[in-house]
Amino acid sequence: MDLALTPEHQAFADEVRDFARQNLSPATREKTFSGKHYDKADHVEWQKALGRKGWLPYTWPKKYGGPGWDVTRRFLFENVLAEEGAPRIIPFGVKMVGPVIYTFGTDEQKERFLPGIRSSEVAWCQGYSEPGAGSDLANLRTRAVREGDHYIVNGQKTWTSFAHWADWIFCLVRTNPDAKPQEGISFLLIDMKTPGVSVRPIIMTDGAHHVNDVFLDNVKVPVANRIGKEGEGWTCAKFLLANERLGIAEVPASKRGVRSLRDIARTEPQDGRTLADDPAFVAQIADIDLQVQALEMSELRALSTMALGGAPGPEVSTLKIRGSEIQQRIAELTMEAVGEYAQPYQPGMLFHDTNETPIGPDHAVPAAPRYFNMRKTSIYGGSNEIQKNIVSKMVLGL
Amino acid sequence: MDLSLSDEQKQLQDAAERFVRDKYAFENRRKIAATEKGWLPENWAQMAELGWLGMSFKEEDGGYGGGPIETMIVMEQFGKGLVLEPFLPTVVLGGGMIAAVGSAAQKEALLAPMIEGKKQFAFAWLERQSRYNLADVSLKATKEGSGWSLSGHKGVVYNAASADQIIVLARTAGSAREEKGLTLFVVDGNAKGLSRRDYPTQDSLRASELTFDKVSVGADAVLGTVDGAFPVAEDAVDRAIVALCAEATGCMDAVNAATLEYIKTRKQFGVPIGKFQVLQHRMVDCFTNAQEARSMTLMASLKIEDKDPVVRHKAASGAKVQIGKSGKFCGQSAVQMHGGMGVTDELSVSHYFKRLTMIDLMFGTQQHHLTRYSNLAMAA
Amino acid sequence: MDLAFTAEEQKFADEVRAFVKANLPADVRDKVKNGKHLGRDDYMRWQQALGKKGWLVYTWPKKYGGPGFTPAQRYIFENVCAEEYAPGIIPFGTKMVGPVIYTFGSEEQKQKYLPAIRESTVWWCQGYSEPGSGSDLASLRTKAEKQGDHYIVNGSKTWNTMGHWADWIFCLVRTDSKAKPQEGISFLLIDMKTPGITVKPIIMADGGHEVNEVFFDNVKVPVANLVGKENEGWTCAKFLLANERLGIAAVPQSKRGVEALKDIARAEQDNGKPLIENPGFAEKIADLEIQVTALEFTELRVLSQMAQGGQPGPEVSGLKIRGSEIQQRITELTMEAVGEYAAPYLPGLLWHGSNEEPVGPEYAHLAAPRYFNTRKTTIYGGSNEIQKGIISKMVLGL
Ligand SMILES: Cc1cc2nc3c(=O)[nH]c(=O)nc-3n(C[C@H](O)[C@H](O)[C@H](O)COP(=O)(O)OP(=O)(O)OC[C@H]3O[C@@H](n4cnc5c(N)ncnc54)[C@H](O)[C@@H]3O)c2cc1C
Ligand SMILES: Cc1cc2nc3c(=O)[nH]c(=O)nc-3n(C[C@H](O)[C@H](O)[C@H](O)COP(=O)(O)OP(=O)(O)OC[C@H]3O[C@@H](n4cnc5c(N)ncnc54)[C@H](O)[C@@H]3O)c2cc1C
Ligand SMILES: Cc1cc2nc3c(=O)[nH]c(=O)nc-3n(C[C@H](O)[C@H](O)[C@H](O)COP(=O)(O)OP(=O)(O)OC[C@H]3O[C@@H](n4cnc5c(N)ncnc54)[C@H](O)[C@@H]3O)c2cc1C
């Protein structure tokens, strides 16, 4: 056992850092550190740079055009990029539909879809949830009826993150209403430009537009866009959910969050000194810092199991639970650190790159919106309650 | 970076697991706890034979060249069985300090026989007023001819009654709570002028109050340098903390397993109580807490021999915070989910609960270590 | 609304204080003050003194020999007693079976049992739980079969608090095994000296003996000892459980416990200063104190509703939940305050009043056993999980 990096791994980390410094736009980087919202170009420009380098699908095996990295390299890659202020890679293509396609898709499908994902030329979104199917995903009702070599899709998806930026959506649809709920579902790829697809924004508590309703009205989808067999979409869905849970712990971003929390505490005045001199407050930072470390070690242990050929088991659900709680706690403490100056709502600065002067310090602008926004982390990707149900059933056998 | 156990380490784990299974069935432990010493000489001899007493020491010191990971592996299994033999005071603390700063003669006279199972130690650092401040020492050692004379009081000294030698942290210079001016002395357990009050602890270990009334020792009783013991003691305690964390991890695994089994079998309202979602989620939280404890213990075990003292201190304190938190959560939850049975002496749960509770109090509570960690982290 | 006491109430408080000072045996006061265990006789001496004054049954209406206190007087009485280090009144007679008898019993039963409860000449214990029936009390199996004008009782009860000190036990027994579980239960009063009853101690985690198993082997109980109608025992049980929950919050004791904790934190050293000056620890005490205040005001609100003629509803479950958690927290912080000196286990001093010297300060050896023991408060009298189940069903309609 050893925590130290080999010289090769050290060199790799340096290479990643150099790459990020050269390719990440300063404006995007600044948004990361000041906690402001990215626009589509921030993501796309950065992801394309990664794509050109061959690093975007960094978790993929060589066979499908990934770099085929060991777990240490993946770990370093994520951490160095977070330290350098890179936006997180939007997961829908690279982490979600990509692996589903190379695991369950046909050769044609692989050839057709994987290159666009690897290069970030094509933006994807995830069409799982519906108004009546959230935690109980298998209850979904969007219908796909076969007509010749097309499906005619009707229904509504909701909570679709970045649908307004997406070129394609991967959907779970019901192809057989008479089968058991899990057995009548298929996995379809749908071009967002197909007639009958419409997108309506949902505005979040902080005023942000990330999620959408997606309406599907007699949308004609070629049967060739189905991944896996008809009625076996649930298998793809479950595979993907397990993948999703690993990345969702967001440890590198949380490490960065703890660092900036300490920086903020050093600048916030209190009693003629700074908040960093308040032992009770810094103890709370220490506590969250340690929680991040524990989570990181747990993730490393899981990765090390995977490196030895083991699959990530349902235990990774606990990573999602703790990861989301930690993200929320960091946002909460950051807002507390800012104090009363968290109150002014400054949408211009938050969303639109205006150059008005902030009320209070710059870091105060996103503090409260971020706290509000982060409540989502214990809800999406399978709520924490659902995660606990899964662990209770799958790991503990209850 | 590599977090997997080597083959030898896996064998060690198997052997320790076997030891606990064979020797520490719950009723057996009760019997061992009730013996006069509170531990079994035959078990100690077996630990020596298996090489556990020497495994974490360097080969030139007569050990087998392992380190903190080996200690972690064994302590974790000890935690599962609530093992009573004084491994921590003798090997981790006493042996650890002798190996770190002992003279060749001291290693020969003390460490070698300890590795063979022929000597036991205790570490006397705590005093009534000192709480968790290692430097808050008032027991005085004054020069007396070529040697020293020790007078004062030490409290809650684990294994003092069985120890052949007691390693005493004494003040040789400086004022109260000053880090400089502390010295370690190796004092015979039956030295003249040393009196003991022995007692069992809440978790069935043995400890003593020690009174030193002009206890005379030679110049060769000094372990390390005169006035320079603080960093030695601090490191020893940090290592002990990490070992305790491993023990706590084992306790948590065991108490979680017992609770899981209980809620699967105990029926109320016609179903196993494990069918109730509140208990399911609490059980998941226990499981998560134990995972985190394991992660932090591993982190600390990997960092406890780092060259940078700040890294070592942060690692130990960080792990201790986690263990305090997770231990409390798992212990309290186990009791609660056992209902009335949880608060009785009859099942193992309450015994794990008590041990986990005492581990939080040893060498500094969760809060103490959070403050220590926080100060170190902000200074960086 | 007014928080201040009226002149009469103030006078009443003085009267109670004078009474306690004059009548609480000094050795008993001392034991309570130092958190030591009390013996049967300790409780009896104090309760009999209260009995003579007519105050033991301070919650009873005048009609049955209670003092008819107003809610304010009750509050004052409980608080002054606690402040003056009086032991808690053992609830089984005065708060449990007494009210059941005057509510559901016959005239003869009232005459036979109430005086001895009022005067504390008879010690009662509660025989509800069984090995297979804890939370699921209605599943109880101890059987009572009618033979002429007796019941023959067979079965076992468990967790009987102070059953080894009791003269009488009130039991729930099954009189009809064919009916629905709740409908075949009766409420029986049984003399503990009746042949066929054996009491076996259960040792607690702290090494103490306070609970027992009670075995019934063909125990002959006169039918006259049935309270209420046959098979209507569940009504009495539910009535009693509601009563039990009100008292169990133990607010006055907790207030006293917080004060004791502060005394200990003043006496304990931390870096050459009293522990209470450690900001982290002081904050924990403050947090606890605020919780106690919140609970106290909730209890006052309930009492004031009752003064208006309302019955305590299922909301009182909330009091038990918070009250028990607070009791636990007090013992937890007290143990933390004591630090490593909580480790010595001194059973002689703890259980047998031996006069050995304590290790460290007198209060130290009590700290850990108290903490271990107080885990019971979230389990007995209906566990906190069960209380939450009740609130969710009865109050929230879930
Ligand atoms: C910001 C955001 C982005 C999202 N992005 C996407 C996306 O891109 N694509 C997509 O398909 N979906 C997305 N989602 C949807 C997300 O996966 C769902 O919100 C989630 O699955 C929960 O479903 P729901 O909102 O319908 O809540 P419900 O299912 O109605 O749950 C409400 C509450 O009940 C609890 N609950 C439900 N069932 C149980 C149970 N059995 N036991 C215990 N508790 C239970 C839940 O935990 C929750 O607290 C997103 C959601 C958010 C908030
Ligand atoms: C180290 C230490 C020192 C302390 N020092 C002090 C001090 O100096 N001064 C001070 O005032 N307090 C002190 N305390 C606080 C002490 O915990 C309280 O005073 C104590 O809880 C009051 O107990 P009581 O005897 O009044 O019992 P009560 O709480 O009234 O209960 C009497 C008995 O009946 C049992 N019981 C009650 N209700 C039920 C039920 N529904 N079902 C089953 N059993 C039940 C209880 O478990 C208990 O055994 C100290 C605590 C500690 C840990
Ligand atoms: C110190 C002590 C004194 C006592 N004194 C008396 C006494 O004098 N007389 C008397 O009759 N009884 C007494 N009791 C018994 C007490 O009332 C029971 O212990 C209690 O009702 C819980 O039952 P159990 O211990 O069988 O636990 P179980 O019912 O087996 O419960 C085990 C766990 O499962 C949980 N659980 C059970 N059902 C559900 C559910 N539906 N939903 C969610 N969680 C659930 C419980 O909350 C608990 O965490 C005493 C108990 C103790 C510990």
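Residue numbering restarts at 1 for every chain, and letters A, B, ... go by the order of the sequence lines.
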Response to the item:
Turns out that what part of C:Pro274 lies under 4.5 Å from chain B's heavy atoms comes down to neither

Item to complete: Could you tell me which portion of C:Lys284 (side chain, backbone, both or neither) has an atom closer than 4.5 angstrom to a non-hydrogen atom of chain B?
Response: side chain

Fill in: B:Phe87 and B:Trp39 aromatic centres sub-6.0 Å
no

Discussion item. For the backbone of B:Val156 and the side chain of B:Glu209, can you confirm whether one donor and one acceptor N or O come within less than 3.5 Å of each other?
Written reply: yes

Worksheet item: Most heavy-atom pairs under 4.5 angstrom with chain C, which of B:Met358, B:Glu346, B:Lys354, B:His368?
Response: B:Lys354

Response to the item:
If one checks every heavy atom of B:Gln332 against chain C at 4.5 Å, the contacting part turns out to be both

Discussion item. Taking C:Leu140's backbone N and O only, do any of them form a donor-acceptor pair with C:Arg174's side chain (distance below 3.5 Å, no angle check)?
Written reply: yes

Worksheet item: Between C:Lys157 (side chain) and C:Leu172 (backbone), is there a donor-acceptor pair under 3.5 Å?
Response: yes

Discussion item. Can you tell me which portion of C:Ala337 sits under 4.5 Å from chain B's heavy atoms? Options are side chain, backbone, both or neither.
Written reply: backbone

Practice prompt. Return yes if some donor-acceptor pair links the side-chain N/O of B:Lys275 with the main-chain N/O of B:Ile263 below 3.5 Å, else return no.
Written response: no

Practice prompt. Would you mind reporting whether C:Thr374 and C:Ile330 have side-chain heavy atoms less than 4.5 Å apart?
Written response: no

Worksheet entry | Donor-acceptor contact below 3.5 Å, side chain B:Gln268 vs main chain C:Ser135 | yes

Worksheet item: Do the non-hydrogen side-chain atoms of B:Lys154 and B:Ile166 ever get within less than 4.5 Å of each other?
Response: no

Worksheet entry | Options C:Ser133, C:Pro344, C:Gly208, ranked by heavy-atom pairs under 4.5 Å with chain B, top entry | C:Pro344

Discussion item. Looking at chain B, which one of C:Val211, C:Asp270, C:Asn271 has the largest number of heavy-atom pairs inside 4.5 Å, strictly under?
Written reply: C:Asn271

Worksheet item: Picking from B:Phe269, B:Tyr199, B:Tyr158, which has the most non-hydrogen pairs under 4.5 angstrom with chain C?
Response: B:Phe269

Fill in: Test item: C:Arg329 and C:Glu332 side chains (from C-beta on) under 4.5 Å apart, heavy atoms
yes

Worksheet item: Is chain C contacted by the side chain of B:Arg206, its backbone, both, or neither, given a heavy-atom distance below 4.5 Å?
Response: neither

Discussion item. Less than 4.5 Å to any heavy atom of chain C: does that hold for the side chain of B:Arg177, its backbone, both, or neither?
Written reply: side chain

Fill in: Top contributor to chain B contacts, counting heavy-atom pairs under 4.5 Å, from C:Ala138, C:Gly132, C:Pro347
C:Gly132

Fill in: chain B interface, residue from C:Gly272, C:Ser139, C:Pro181 that has the most non-hydrogen pairs under 4.5 Å
C:Gly272

Response to the item:
Among C:Glu336, C:Arg375, C:His365, C:Gln269, the residue with the most heavy-atom pairs under 4.5 Å to chain B is C:Arg375

Fill in: Pairs of heavy atoms under 4.5 Å with chain C: top-ranked of B:Asp136, B:Leu205, B:Val278, B:Leu126
B:Leu126

Discussion item. For C:Tyr380 and C:Tyr128, I'd like to know if the aromatic rings sit close, meaning centre-to-centre distance below 6.0 Å.
Written reply: no

Fill in: No-hydrogen, no-angle side-chain donor-acceptor test under 3.5 Å, C:Ser383 and B:Gln336
no

Worksheet item: When only pairs under 4.5 Å are counted, which of B:His338, B:Gln367, B:Gln129 shares the most heavy-atom pairs with chain C?
Response: B:Gln367

Worksheet, complete the sentence: Under 4.5 Å to a heavy atom of chain B? For C:Leu350 that would be neither

Item to complete: Measure C:Glu357 against the heavy atoms of chain B and call it side chain, backbone, both or neither at under 4.5 Å.
Response: both

